[in-house]
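What follows is a set of notes on a single structure, which appears directly below.
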2 protein chains.
Amino acid sequence: MTLLVNSSGSTKDRILGAAELLFAQRGFDGASLRQLTAAAGVNLAAVNYHFGSKEKLVEEVFRRRLDALNARRLEALAKIAGAPETTLEDVLAAYIRPALDLSHEDSGSLFMRVLARAFAEHDDTLRQFLSENYGHVMRQFTAEFARLLPQLSRQELYWRIDLVTGALTHAMSGFGMIQRKHDVSELAHREQTAQHLIRFSVAGLSHP
Amino acid sequence: MTLLVNSSGSTKDRILGAAELLFAQRGFDGASLRQLTAAAGVNLAAVNYHFGSKEKLVEEVFRRRLDALNARRLEALAKIAGAPETTLEDVLAAYIRPALDLSHEDSGSLFMRVLARAFAEHDDTLRQFLSENYGHVMRQFTAEFARLLPQLSRQELYWRIDLVTGALTHAMSGFGMIQRKHDVSELAHREQTAQHLIRFSVAGLSHP
DNA sequence: GGCTGGTTCAAACGATCGTTTGAGCATACG
DNA sequence: CGTATGCTCAAACGATCGTTTGAACCAGCC
């Protein structure tokens with residue numbers, strides 16, 4: 001069905017691109033290395049040669065996007081964290097905007113779908129990988145939320161962050177897929193989406 | 001690893017129970033019919049004999065729970081829909097409480113996990129099945145939300161409902177799994193959870 | 001008893017899975 | 001030129017997949 005993804009680029013990059021697409025469409029188990037390498041236009045053995053195993057390939061698909069994404073998130077957070085005039089909107093924007101930006105670079109929107117899948121899977125190996133490598137990001141954001149919402153108990157705060165995370169993950173996994181009206185520019189659409197997500201999250205986090 | 005689920009009951013029920021558990025743990029592709037029938041303590045061929053195929057079994061796992069769940073939701077909604085004194089809290093309670101109740105019947109909490117998986121998978125066959133059979137439920141709730149939030153545009157309302165749905169699906173897929181403090185009764189825990197979800201959803205739907 | 005329809009069973013079907021192998025190819029360096 | 005080194009390739013490995021088959025079993029009914 002799907003033929004040739006990314007006919008240019010190195011073998012590793014072609015594999016990563018095809019993996020992102022097929023993992024998003026059919027899941028980690030559903031997408032086979034044969035479908036994947038056929039779509040990438042590379043030999044079947046190339047996956048094990050370059051990545052070692054299918055599981056390592058999955059991790060690399062995450063690493064390639066999350067390293068950059070979370071770096072941008074932390075960079076944006078660092079600019080505002082601790083400042084007295086910082087608002088909840090600012091912190092949420094630091095978390096949300098880098099993800100929406102990614103969704104409009106090359107085929108980054110597919111990645112948010114892959115991320116949503118990983119979120120729904122309660123696979124221990126994958127969860128541990130994500131927690132070990134990117135757990136500190138959520139920890140820093142949580143600390144800033146706690147500072148801006150001192151009236152909330154720890155338990156209450158965790159509940160709300162969990163719910164917001166679920167909402168954002170779900171929403172962003174569909175973003176970039178929906179048909180956009182032709183008279184709305186991509187940038188305006190992204191800005192509108194950001195506003196929806198941010199306002200919703202502010203309301204969910206800070207309600208009395 | 002997993003041995004014998006539901007050693008009593010009919011063959012069909014044993015299969016459905018084991019399927020719910022393994023689909024929740026390993027996904028629809030990840031759980032094989034051999035693991036499944038071994039856990040159920042039935043013969044491998046029993047799945048195809050009773051259900052026709054693995055895909056039909058998946059549908060039956062959904063049907064068994066969703067028929068009852070959505071019937072209860074609509075029943076609760078019917079009691080309050082259209083009434084002048086009905087609040088957003090009431091409508092959200094009609095949607096949320098039946099799901100939390102299910103999570104504390106037998107192994108119903110596993111089902112919410114399966115549902116969350118189906119939500120993350122963008123598989124067309126499964127989505128169509130759910131939409132055809134249970135789409136009217138969300139449509140009725142949406143109509144009532146629209147009535148109670150007349151100030152919102154259609155587009156704005158859909159955005160908020162989508163975000164709330166994502167939050168609830170995520171939260172309920174983890175509910176029943178978390179370790180509960182021993183000094184908190186099950187009923188109190190469920191009520192506390194319901195309050196969290198309802199208040200969050202009200203804030204997300206009705207913020208200015 | 002004999003027969004029937006519903007159910008279970010072990011065994012096998014072809015297909016597909018992730019992974020490994022060893023030969024072949026290209027480029028770079030002595 | 002010779003020979004390493006990094007990479008690609010077709011082919012095969014054993015394992016496991018969903019599904020099918022045909023015999024065996026077992027109630028209930030004539």
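Sequence lines set the chain letters: A, B, ... in the order given, protein chains first and strands last, and positions in each chain run from 1.
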| Nearest to the side chain of A/T11 - D/dT20, D/dT8, D/dA11? | D/dT8

| query | Quick one: which of C/dG18, C/dC17, D/dC17 gets closest to the side chain of A/Q35? | reply | C/dC17

| task | Using a cut-off of strictly less than 4.0 Å, decide whether B/N43 has a side-chain nitrogen or oxygen near OP1 or OP2 of C/dT7. | result | no

| D/dC17 OP1/OP2 closer than 4.0 Å to side-chain N/O of B/S32 | yes

| said: For A/H122 and B/Q25: C-alpha separation, side-chain torsions, deciding distance, then whether side chain to side chain contact (heavy atoms under 4.5 Å, CB included) applies. | reply: CA-CA 7 Å; A/H122 288 219; B/Q25 288 180 340; over 6 Å; no

| message | Output the rounded distance in Å from CG (A/D29) to P (C/dT16). | response | 17 Å

| In whole Å, what is the span from the CZ atom of A/R34 to the P atom of D/dA12? | 13 Å

| said: The test is salt bridge (charged side-chain N to carboxylate O under 4.0 Å, His left out); show your working for A/E20 and A/R64 and say whether it passes. | reply: CA-CA 10 Å; A/E20 197 166 63; A/R64 178 173 70 146; 3.7 Å; yes

| note | Residues of residues 47-59 of chain A with a heavy atom under 4.0 Å from any atom of DNA chain D, listed by number, are A/Y49, A/H50

| message | As an exercise, state the distance from CZ of A/F200 to CD1 of A/I96, rounded to the nearest 0.5 Å. | response | 10.5 Å

| field | Length of the CG-C1' vector between A/L33 and D/dA15, whole Å | value | 15 Å

| said: Salt bridge or not between A/R117 and A/E121? Use side-chain N to carboxylate O under 4.0 Å. | reply: no

| remark: Ranking C/dG18, D/dC17, D/dT20 by distance to the side chain of B/A45, first place goes to D/dT20

| said: Please evaluate residues A/R97 and A/E191 with respect to the criterion salt bridge (charged side-chain N to carboxylate O under 4.0 Å, His left out), reporting the C-alpha separation (whole Å), side-chain torsions for both, the decisive distance (0.1 Å), and the verdict. | reply: CA-CA 9 Å; A/R97 289 193 188 279; A/E191 180 55 31; 2.9 Å; yes

| request: Take the protein atom NZ of B/K12 and the nucleotide atom C1' of C/dT8, then report the distance between them rounded to whole Å. | output: 15 Å

| note | Applied to residues 42-62 of chain A, the salt bridge (Lys or Arg N to Asp or Glu O under 4.0 Å) test, sequence neighbours excluded, yields A/E60-A/R63

